[in-house]
Amino acid sequence: MIHVGVNGYGTIGKRVADAVRAQPDMSVAGVAKTSPNFEAKVALERGYPLYAVDEDRTDEFAEAGFDVAGTVDELVAESDVVVDATPAGIGAENAELYREHDTPALFQGGEDADVAEVSFNARANYEAARGADYVRVVSCNTTGLSRLLAPIVEEYGVEKARVTLVRRGGDPSQTGRGPINDTLPDPVEIPSHHGPDLNTVFPDISVDTMGMKVPATLMHTHAVNVTLESETDAESVRELLDAESRLFVLPPELDIDGAGKLKEFVQDAGRPRGDCWENCIWGDSITVDGRDMYCFQAIHQEADVVPENVDAIRAVVDTADKEDSMALTEDALGLDGQIGRSVRDPVAQAPTLTDGGRESDE
């Protein structure tokens with residue numbers, strides 16, 4: 001059993017903790033919080049040992065009625081591996097703590113690539129992370145692009161990729177984020193940081209990226225154009241992508257024309273928190289003209305990196321190869337084809353993760 005500490009129990013950390021608990025070969029050693037807010041309450045109610053990031057603030061937790069099991073130093077010492085899900089930039093500051101305890105750690109995509117030995121995506125470069133001490137799970141957008149491009153590179157080769165990323169202004173809970181009523185090039189310079197980040201996973205792909213930020217909270221949308229090295233047709237590409245467990249090609253009969261309907265569809269499928277772990281690619285958008293392939297895909301920024309963190313844990317402790325780890329992760333989460341099955345059987349529900357991935361008797 002792999003004992004996993006989660007440092008940071010926010011948007012990503014709480015999802016990773018639930019996903020870890022759902023795995024048959026993992027347990028949550030505890031979660032660390034900086035302040036006793038509603039997420040600390042949720043952690044305790046779900047049975048996770050709660051640790052304070054700052055020893056000087058343990059009194060604040062006590063005053064709020066939250067029992068703490070110790071400090072983050074103790075959590076790191078007791079864990080086989082730590083998932084650092086702290087805000088961007090904080091993970092790099094925590095790296096010394098993990099080194100002091102000789103505890104392997106995973107960082108998130110908000111950190112610079114040099115924080116770790118490997119920038120990780122399970123589908124693209126799982127083997128490179130096996131046995132590494134420090135791994136960076138790339139951002140939600142880079143995760144989505146890596147999943148999409150991996151089978152395309154293998155099947156057809158990629159001469160050039162061009163991507164325009166229309167990004168949400170903030171997560172639903174980020175009340176201070178914007179824009180409020182605007183559409184922003186973000187950044188104005190080209191390429192955006194997403195292209196160089198993708199090259200940390202695929203160093204040989206020529207890619208240009210442009211970023212925009214819009215006043216939305218649901219999902220990111222990617223407009224993708226890939227010049228292939230060999231010719232094919234749209235149906236062959238559609239079948240290739242549809243065979244991938246972490247890609248879901250949306251059939252036109254669902255009449256899902258945007259992120260709003262897509263998010264509601266995922267909620268109706270019974271996903272915890274309405275999380276969409278897969279890339280969702282509009283099937284009708286897959287077009288091939290000569291060697292140029294085009295498509296639109298939606299990326300749920302709160303969720304798509306969650307299964308990648310689980311796989312990265314197994315890679316770091318070197319307990320499974322890529323195929324076995326991805327299969328274990330997907331089976332425990334109810335990910336593999338779950339949305340597709342819910343189309344055919346509206347009664348089918350994905351398992352909730354509040355009870356360790358097992359269906360509740362309630």
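Please read all numbers here as calculations on a predicted model, not as lab measurements.
- Residues meeting the side chain to side chain contact (heavy atoms under 4.5 Å, CB included) test with Ala64, sequence neighbours left out: Pro36, Phe66.
- Around CD of Glu239, the count of heavy atoms belonging to other residues, nucleotides or ligands within 6.0 Å exceeds 12.
- You'll find the side chain of Ile286 reaches within 4.5 Å of the side chain of Leu241, heavy atoms only.
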Just do the side chain to side chain contact (heavy atoms under 4.5 Å, CB included) check on Leu250 and Leu262 with the steps written out, would you?
CA-CA 9 Å; Leu250 291 165; Leu262 178 55; 4.1 Å; yes

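- Both Val226 and Val237 belong to a common hydrophobic cluster when Ile, Leu, Val, Met, Phe, Trp and Tyr are linked at side-chain heavy-atom distances under 4.5 angstrom.
- Taking the salt bridge (Lys or Arg N to Asp or Glu O under 4.0 Å) definition, one finds that Glu60 meets it with Arg57, sequence neighbours left out.
- Every residue two or more places apart in sequence or in another chain was checked for a side-chain hydrogen bond (donor to acceptor under 3.5 Å, both in side chains) with Thr143, and none qualifies.
- When the side-chain hydrogen bond (donor to acceptor under 3.5 Å, both in side chains) test is applied to Arg130, the partners found at least two apart in sequence or on another chain are Glu127, Asp318.
- Residues Thr209 and Arg162 bring no donor and acceptor atom of their side chains to less than 3.5 Å of each other.
- Taking the side chain as every heavy atom from C-beta outward, Asn7 and Tyr98 approach each other to under 4.5 Å.
- Val137 and Val201 sit in two unconnected hydrophobic clusters of ILVMFWY residues. Membership requires side-chain heavy atoms under 4.5 Å apart, directly or through other members.
- Not counting sequence neighbours, the partners of Asp311 by the side-chain hydrogen bond (donor to acceptor under 3.5 Å, both in side chains) test are Arg246, Ser325, Thr329.
- Connection of Leu198 to Leu228 is established within a shared hydrophobic cluster, with ILVMFWY side chains joined at heavy-atom distances below 4.5 Å, either directly or through further cluster members.
- Partners of Glu302 by salt bridge (Lys or Arg N to Asp or Glu O under 4.0 Å), not counting sequence neighbours, listed by chain and number: Arg15.
- Atom CG of Asp54 sits about 11.0 Å away from atom OG of Ser35, to the nearest 0.5 Å.
- Qualifying salt bridge (Lys or Arg N to Asp or Glu O under 4.0 Å) partners for Lys261, counting only residues two or more places apart in sequence or in other chains: Asp255, Asp257.
- A salt bridge does not link Asp182 to Lys213: none of the charged nitrogens lies less than 4.0 Å from a carboxylate oxygen.
- Atom CG of Asp284 and atom CZ of Arg238 lie 7.0 Å apart (nearest 0.5 Å).
- Nearest heavy atoms, Trp277 versus Pro307: CD1-CD, 3.8 Å.
- By the 4.5 Å heavy-atom criterion applied to side chains, Asp208 and Val163 are not counted as neighbours.
- Under the 4.5 Å side-chain criterion, counting only non-hydrogen atoms from C-beta, Arg273 is in contact with Asp18.
- Closest non-hydrogen pair, Thr103 versus Ser79, comes out as CG2-O, 3.6 Å.
- The structure places CD of Glu155 at 12.5 Å from CD of Glu229, a figure rounded to the nearest 0.5 Å.
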Step-by-step side chain to side chain contact (heavy atoms under 4.5 Å, CB included) determination, Ser119 to Phe202:
CA-CA 10 Å; Ser119 289; Phe202 289 99; over 6 Å; no

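- Across all non-hydrogen atoms, the minimal contact from Val118 to Ala128 is CG2-O, 3.3 Å.
- For Glu117, the side chain to side chain contact (heavy atoms under 4.5 Å, CB included) partners two or more places apart in sequence, or in a different chain, are Ala132, Asp133, Tyr134.
- Val31 is not connected to Val82 by any chain of hydrophobic side-chain contacts under 4.5 Å among Ile, Leu, Val, Met, Phe, Trp and Tyr, and they are in different clusters.
- Not counting sequence neighbours, the partners of Thr71 by the side chain to side chain contact (heavy atoms under 4.5 Å, CB included) test are Glu55, Asp73, Glu74.
- Applying the salt bridge (Lys or Arg N to Asp or Glu O under 4.0 Å) criterion to Glu189, with sequence neighbours excluded, gives no partner residue.
- Remark: Asn94 engages Asp84 in a side-chain hydrogen bond (donor to acceptor under 3.5 Å, both in side chains) (not counting sequence neighbours).
- Among Arg123, Arg136, Arg147, the one residue that satisfies the salt bridge (Lys or Arg N to Asp or Glu O under 4.0 Å) test with Glu308 is Arg147.
- Cluster annotation: Ile152 and Leu145 are assigned to the same hydrophobic cluster (Ile/Leu/Val/Met/Phe/Trp/Tyr, side-chain heavy-atom contacts under 4.5 Å, transitive).
- Distance alone, capped at 3.5 Å, places no donor-acceptor pair between the Asp59 side chain and the Ala62 backbone.
- Between Tyr48 and Tyr9, the angle of the ring planes goes over 60°, which puts this pair in the perpendicular group of the 30/60° scheme.
- Side-chain contact between Glu231 and Tyr156 is absent, with no heavy-atom pair separated by less than 4.5 Å.
- Salt bridge annotation for Glu159-Arg291: present, with a cationic side-chain nitrogen under 4.0 angstrom from a carboxylate oxygen.
- When all heavy atoms of Gln108 and Ala85 are compared, the closest pair comes out as CG-CA, 4.1 Å.
- A 4.5 Å side-chain heavy-atom check between Asn121 and Thr142 finds every atom pair outside the cut-off.
- Ser285 contributes atom OG, which lies 9.0 Å from atom CD of Gln297 (distance to the nearest 0.5 angstrom).
- Atoms CG and CG, on Leu50 and Leu44 in that order, are 5.0 Å from each other to the nearest 0.5 Å.
- With a 6.0 Å radius and a threshold of 12 heavy atoms from other residues, nucleotides or ligands, Met210 has its CE atom at or below the threshold.
- No donor-acceptor distance shorter than 3.5 angstrom exists from the side chain of Asn309 to the backbone of Val16, with no hydrogens or angles considered.
- Although no hydrogens or angles enter the test, the distance criterion places no donor-acceptor pair under 3.5 Å between the side chain of His222 and the main chain of Leu165.
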Please determine whether side chain to side chain contact (heavy atoms under 4.5 Å, CB included) holds for the pair Arg314 and Leu328, giving the CA-CA distance in whole Å, both sets of side-chain angles, and the decisive distance to 0.1 Å.
CA-CA 10 Å; Arg314 291 196 187 93; Leu328 276 171; 3.6 Å; yes

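- You'll find the side chain of Leu148 reaches within 4.5 Å of the side chain of Cys295, heavy atoms only.
- Across all non-hydrogen atoms, the minimal contact from Glu111 to Pro87 is OE2-O, 3.6 Å.
- A salt bridge is defined here as a Lys NZ or Arg NE, NH1 or NH2 lying under 4.0 Å from an Asp or Glu carboxylate O, and Asp102 with Arg99 fails to meet this definition.
- Applying the side chain to side chain contact (heavy atoms under 4.5 Å, CB included) test to Asp112 and every residue at least two apart in sequence or in another chain returns Asp114.
- In this structure, CZ in Phe248 is found 5.0 Å from CZ in Phe265, a value given to the nearest 0.5 Å.
- With contacts defined as side-chain heavy-atom distances shorter than 4.5 Å, the pair Leu335/Glu278 qualifies.
- Nearest heavy atom pair, residue Ala19 against residue Val310, reads CB-CG2, 3.9 Å.
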Can Ile2 and Val317 be said to form a side chain to side chain contact (heavy atoms under 4.5 Å, CB included), step by step?
CA-CA 8 Å; Ile2 308 167; Val317 298; 3.5 Å; yes

